[in-house]
J.: 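To start, I am sharing the structure in question, which I have written as structure tokens.
FYI, side chains are in, hydrogens and waters are out, and symmetry mates aren't considered; it's all heavy atoms of this structure. One-based numbering along the sequence shown.
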Amino acid sequence: MTVDDLVARACERAGHDDFGGGSWREGLQLLVDSCESAPGINSGGREFVYGQFVDALWNRLRVVDYVKGHPSVLDTPVERPLVVLGLPRTGTSLASYLLDQDPLRRSLLTWEAQDSIPPSTPDTLRTDARCLKKKAELDALAEGLKAANIPLVHWDEADGPTECLFVQNQDFKAYLWEAFMPTPAYAEWLLHTDMSSAYAYERMVLQVLQSRTPGTWSLKMPSHAVHIETLLATYPDVRIVWAHRDPFKSAASFLRLNYLSRAATGADIDVAMTVGNVLCQLRAHVDRPLAARRRIGDDRFFDLHYAELMRDPIAVMRSLYEWAGDDLTPSTERAMLGWLDAHPQDLHGVAPYSLDGSGVTRGDLEPIFDEYLSVFDIELEEDKP
């Protein structure tokens, strides 16, 4: 399979051939090269990943075509978005779901990130046929994993907020793709490539979506931390929520997630290579936002601590709203409490947070997190499961 083969499949499916430029091609070429050359990848795994590539190209084609027909959507800026970032596995999902309970906010929902055209209206945002179809697919997947006794390490509801990487992946600059790769070539490129086009494309998608369902955007993606300077350049008035959790716990869960995702292609997993790749990512997740914070000051950041969020989520939300200059109404508080009651922490199973068997020791991680832990008073979870 070649890039042009995938492009042809997407164009035939979409009925369009204008991708709005070629910024996506270099990343896609690296991904295809990795899948075609790595040992052990089976045909089913390869086709699974290629199908995801075609889906991303297909949605991009439709977004670009929609903007060509509705150019006025680009006249309305994305103003004062609230963006949650940080190390992976630090409570960013919980924060985003709580923020999603506010009717004045606008979340990027799972279904619409992947099937954006036409943009939905407020009345149909969670009842659109595309949303219901996605919900049925995810329900079936959840049942299958449950039957196989596989805990859901990460789970997004079809009508719930998802990560920005499900839009940035359509420019083929996203850690979503890296998670499937059997070699570090794409990951190394992603750490140093210019992310401007991915953020510009994401902003365009948000403008399309808000044109029919407006609101102040609440966005989340841990790896915004890695590309924080591009985030700041794209959204100059962004309000940054930095999620903090015991980094040794989050690293353990992130490593496990990496092993699970890379197994999807059937490729041979090189533990040493995977560990080295993950450690580079973890370092970038702390070093780059620390540098940006030193440059722009503490006032642009709200520090959201996982331990406090778990103990008293509404108190944390009140502090966040006060910092952001937004109004947390009693009705929104009640909605947040209702969501918490309906979604206990272990709803989808218990995810292990242990370094045992991960290929990494605490000693390997301490140099990476030394400065980070010296700057922030983060509650460690050494005595917790």
Side-chain angles (χ1 to χ4, degrees), residues 1-7 9-10 22-57 87-89 153-154 163-166 168-195 197-198 221-227 230 250-288 355 357-361 364-365 368:
M1 188 72 68
T2 67
V3 168
D4 287 340
D5 293 331
L6 299 174
V7 167
R9 286 168 58 179
S23 59
W24 51 273
R25 183 172 282 272
E26 183 180 3
L28 180 56
Q29 186 66 63
L30 276 168
L31 292 164
V32 171
D33 289 346
S34 295
C35 290
E36 291 295 326
S37 63
I41 288 186
N42 58 48
S43 58
R46 183 183 290 107
E47 185 53 36
F48 165 75
V49 174
Y50 285 172
Q52 301 290 308
F53 294 167
V54 172
D55 288 346
L57 290 168
L87 282 166
R89 322 298 297 153
V153 179
H154 176 78
E163 295 188 14
C164 298
L165 59 78
F166 287 100
Q168 293 190 0
N169 72 329
Q170 294 158 36
D171 196 52
F172 289 86
K173 296 182 178 74
Y175 278 106
L176 171 67
W177 301 136
E178 193 284 320
F180 295 117
M181 291 299 104
T183 74
Y186 179 79
E188 292 166 358
W189 173 79
L190 194 60
L191 271 178
H192 303 289
T193 195
D194 182 356
M195 290 292 292
S197 64
M221 181 172 75
S223 59
H224 279 308
V226 178
H227 307 297
T230 312
S250 60
S253 180
F254 186 49
L255 273 161
R256 182 174 185 275
L257 188 60
N258 266 265
Y259 289 131
L260 286 173
S261 62
R262 291 176 208 286
T265 64
D268 301 336
I269 297 177
D270 185 324
V271 172
M273 183 196 71
T274 301
V275 165
N277 183 12
V278 167
L279 294 187
C280 282
Q281 290 184 43
L282 292 174
R283 184 177 291 280
H285 274 80
V286 293
D287 286 356
R288 294 186 180 185
L355 289 171
S358 69
V360 171
T361 67
D364 295 327
L365 296 172
I368 295 174

J.: Please report the interatomic distance CD(Gln281) to CG(Leu87), rounded to the nearest 0.5 Å.
T.: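 Here the rounded value is 11.0 Å.
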J.: Return yes if a side-chain donor-acceptor contact under 3.5 Å exists between Glu26 and Trp189, otherwise no.
T.: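 Indeed, the side chains of Glu26 and Trp189 share at least one donor-acceptor pair under 3.5 Å.
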J.: Just so I know, are the side chains of Leu191 and Tyr186 near enough to count as touching, which here means a heavy-atom distance under 4.5 Å?
T.: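 Side chain of Leu191 against side chain of Tyr186, heavy atoms only: no contact under 4.5 Å found.
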J.: Write out all pairs satisfying side-chain hydrogen bond (donor to acceptor under 3.5 Å, both in side chains) with one or both partners inside residues 38-47, taking only residues at least two apart or from two chains.
T.: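 Every pair satisfying side-chain hydrogen bond (donor to acceptor under 3.5 Å, both in side chains) with a residue in residues 38-47: Arg9-Glu47.
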J.: Would you say Thr193's side chain and Leu190's backbone share a donor-acceptor pair under 3.5 angstrom?
T.: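 Judged by distance alone, no pair lies under 3.5 Å.
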J.: Can you measure from CE (Met221) to CD (Gln168) and round to the nearest 0.5 angstrom?
T.: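 Between Met221 CE and Gln168 CD, I get 4.0 Å after rounding to 0.5 Å.
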J.: With sequence neighbours left out, write down each residue that passes side chain to side chain contact (heavy atoms under 4.5 Å, CB included) with Asp5, or none if nothing qualifies.
T.: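 For Asp5 the side chain to side chain contact (heavy atoms under 4.5 Å, CB included) partners, ignoring immediate neighbours, are Met1, Thr2.
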J.: Asp270: which residues meet the salt bridge (charged side-chain N to carboxylate O under 4.0 Å, His left out) condition with it, sequence neighbours left out?
T.: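 Asp270: no salt bridge (charged side-chain N to carboxylate O under 4.0 Å, His left out) contacts found.
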J.: Partners of Asn169 by side-chain hydrogen bond (donor to acceptor under 3.5 Å, both in side chains), sequence neighbours excluded?
T.: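 If we apply the side-chain hydrogen bond (donor to acceptor under 3.5 Å, both in side chains) test to Asn169, skipping adjacent residues, there are no hits.
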J.: Ignoring hydrogens and geometry, is there a side-chain-to-backbone donor-acceptor pair from Arg288 to Ala225 under 3.5 Å?
T.: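 No, because the side chain of Arg288 does not come within donor-acceptor range (under 3.5 Å) of the backbone of Ala225.
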J.: Going by the rule ring pair (Phe, Tyr, Trp, His ring centres under 6.0 Å), which residues pair with Tyr50 if we only count those two or more places apart in sequence or in a different chain?
T.: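 Listed in chain order: Phe53.
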J.: If you take all heavy atoms of Cys164 and His224, which pair is closest and at what distance?
T.: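 Looks like SG-NE2, 3.3 Å.
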J.: Mind checking what makes side-chain hydrogen bond (donor to acceptor under 3.5 Å, both in side chains) contact with Ser37, not counting sequence neighbours?
T.: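 With sequence neighbours excluded, Ser37 shows a side-chain hydrogen bond (donor to acceptor under 3.5 Å, both in side chains) to no residue whatsoever.
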J.: Excluding sequence neighbours, so at least two apart, what forms ring pair (Phe, Tyr, Trp, His ring centres under 6.0 Å) with Phe48?
T.: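 Phe48 satisfies ring pair (Phe, Tyr, Trp, His ring centres under 6.0 Å) with Phe180 once adjacent residues are dropped.
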J.: Given side-chain contact (heavy atoms from CB on, under 4.5 Å), test Met181 with Cys35 step by step and report yes or no.
T.: CA-CA 7 Å; Met181 291 299 104; Cys35 290; 3.6 Å; yes
J.: Under a 3.5 Å threshold, yes or no: a donor from one side chain and an acceptor from the other, between Ser250 and Arg89?
T.: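 Per modelled atom types, Ser250 and Arg89 side chains form no pair under 3.5 Å.
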J.: Does Thr230 have any side chain to side chain contact (heavy atoms under 4.5 Å, CB included) partners at least two apart in sequence or in another chain, and if so, which?
T.: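 Applying side chain to side chain contact (heavy atoms under 4.5 Å, CB included) to Thr230 gives Met195, Ser196, Tyr199, Thr234.
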J.: Kindly compute the distance separating OG (Ser23) from CG (Asp194), expressed to the nearest 0.5 Å.
T.: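 Rounded to the nearest 0.5 Å, the OG-CG separation comes out at 10.0 Å.
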J.: Just how far is it from atom CG of Leu255 to atom OG1 of Thr274, taken to the nearest 0.5 Å?
T.: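 These two atoms lie 9.0 Å from each other.
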J.: Taking only residues two or more places apart in sequence, or in another chain, which ones meet Asp33 in a side-chain hydrogen bond (donor to acceptor under 3.5 Å, both in side chains)?
T.: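 Scan of Asp33 (side-chain hydrogen bond (donor to acceptor under 3.5 Å, both in side chains), adjacent residues dropped) gives Gln29.
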J.: Of all heavy-atom pairs between Pro222 and His285, which one has the smallest distance, and what is that distance?
T.: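 What the structure gives for the nearest pair is O-CD2, 3.6 Å.
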J.: Return yes if some donor-acceptor pair links the side-chain N/O of Asn277 with the main-chain N/O of Met273 below 3.5 Å, else return no.
T.: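 No, the answer is negative, given that no donor and acceptor are paired below the 3.5 Å cut-off.
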J.: Check Leu57 against Ala10 and note the closest heavy-atom contact, atom names and distance.
T.: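 Between these two residues, the closest heavy atoms are CB-CB, 3.5 Å.
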J.: How long is the straight-line distance from CD of Glu36 back to CG of Leu31, given to the nearest 0.5 Å?
T.: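 Between Leu31 CG and Glu36 CD, I get 11.5 Å after rounding to 0.5 Å.
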J.: Find out whether Ile41 and Val49 are in side-chain contact, i.e. whether some heavy atom of one side chain is under 4.5 Å from a heavy atom of the other.
T.: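 Heavy-atom side-chain distance check fails, nothing below 4.5 Å.
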J.: Do Arg25 and Val7 have side-chain heavy atoms sitting under 4.5 Å apart?
T.: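 Arg25 reaches Val7 side chain to side chain.
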J.: Can you sort out the partners of Asp364 under side-chain hydrogen bond (donor to acceptor under 3.5 Å, both in side chains), two or more places apart, ordered by chain and number?
T.: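 In terms of side-chain hydrogen bond (donor to acceptor under 3.5 Å, both in side chains), with neighbours along the sequence ignored, Asp364 is linked to Thr361.
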J.: For the backbone of Ser358 and the side chain of Tyr259, can you confirm whether one donor and one acceptor N or O come within less than 3.5 Å of each other?
T.: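 Yes: the side chain of Tyr259 pairs with the backbone of Ser358.
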J.: Determine, stepwise, if the pair Phe172 / Trp177 fulfils ring pair (Phe, Tyr, Trp, His ring centres under 6.0 Å).
T.: CA-CA 8 Å; Phe172 289 86; Trp177 301 136; 5.6 Å; yes
J.: Considering non-hydrogen atoms only, spot the tightest contact between Pro182 and Ser34 and give its length.
T.: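 It is CG-O, 4.2 Å.
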J.: According to the salt bridge (Lys or Arg N to Asp or Glu O under 4.0 Å) rule, which pairs have a member within residues 169-178, sequence neighbours left out?
T.: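 Found Arg60-Asp171, Asp171-Lys173, Glu178-Arg262.
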